[in-house]
Amino acid sequence: MTIDKSLKTRAERIGKLVELERWKEGDPVLGLPKTRVVKITLKKKKKTKKAEEEGAEAEPKKTGK
């Protein structure tokens, strides 16, 4: 599980810039360019009618007694 955050630490930014070949050993660590933070959201799956019918059949019916 990852934690979503809008800011990266200097070490995380340098690591990302090294991957993109935008920072080399010996370059200054102050004044680094901004790096994009990608946020991923997953949508819940919609229930189909067939799944709803199966769920209704599995529940026992209550009587008024």
Side-chain angles (χ1 to χ4, degrees):
M1 184 170 138
T2 60
I3 299 173
D4 294 328
K5 55 185 178 179
S6 61
L7 287 174
K8 292 186 178 237
T9 63
R10 184 173 288 136
E12 291 172 333
R13 289 171 62 190
I14 289 173
K16 185 67 174 179
L17 291 170
V18 167
E19 288 177 16
L20 298 173
E21 298 178 1
R22 293 180 58 191
W23 191 85
K24 297 176 185 118
E25 191 68 34
D27 287 350
V29 294
L30 299 177
L32 295 172
K34 293 181 179 180
T35 56
R36 183 175 295 258
V37 178
V38 179
K39 293 183 181 180
I40 300 174
T41 58
L42 299 175
K43 295 183 179 180
K44 294 182 180 180
K45 294 182 179 180
K46 293 183 180 180
K47 290 185 178 179
T48 60
K49 291 182 180 179
K50 186 176 182 180
E52 290 177 0
E53 291 173 1
E54 289 175 1
E57 291 174 4
E59 295 177 10
K61 298 197 179 208
K62 295 181 180 179
T63 58
K65 294 181 183 180

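Atoms considered below: every heavy atom in the structure, side chains included; atoms not considered: hydrogens, waters and symmetry mates.
To the nearest 0.5 Å, the span separating CG on Leu7 from NZ on Lys34 amounts to 10.0 Å.
Here the shortest heavy-atom pairing between Thr35 and Lys8 reads OG1-CD, 3.7 Å. Across all their heavy atoms, Val29 and Arg10 have their closest contact at O-NE, 3.4 Å. Closest non-hydrogen pair, Arg13 versus Pro33, comes out as NH2-O, 3.1 Å.
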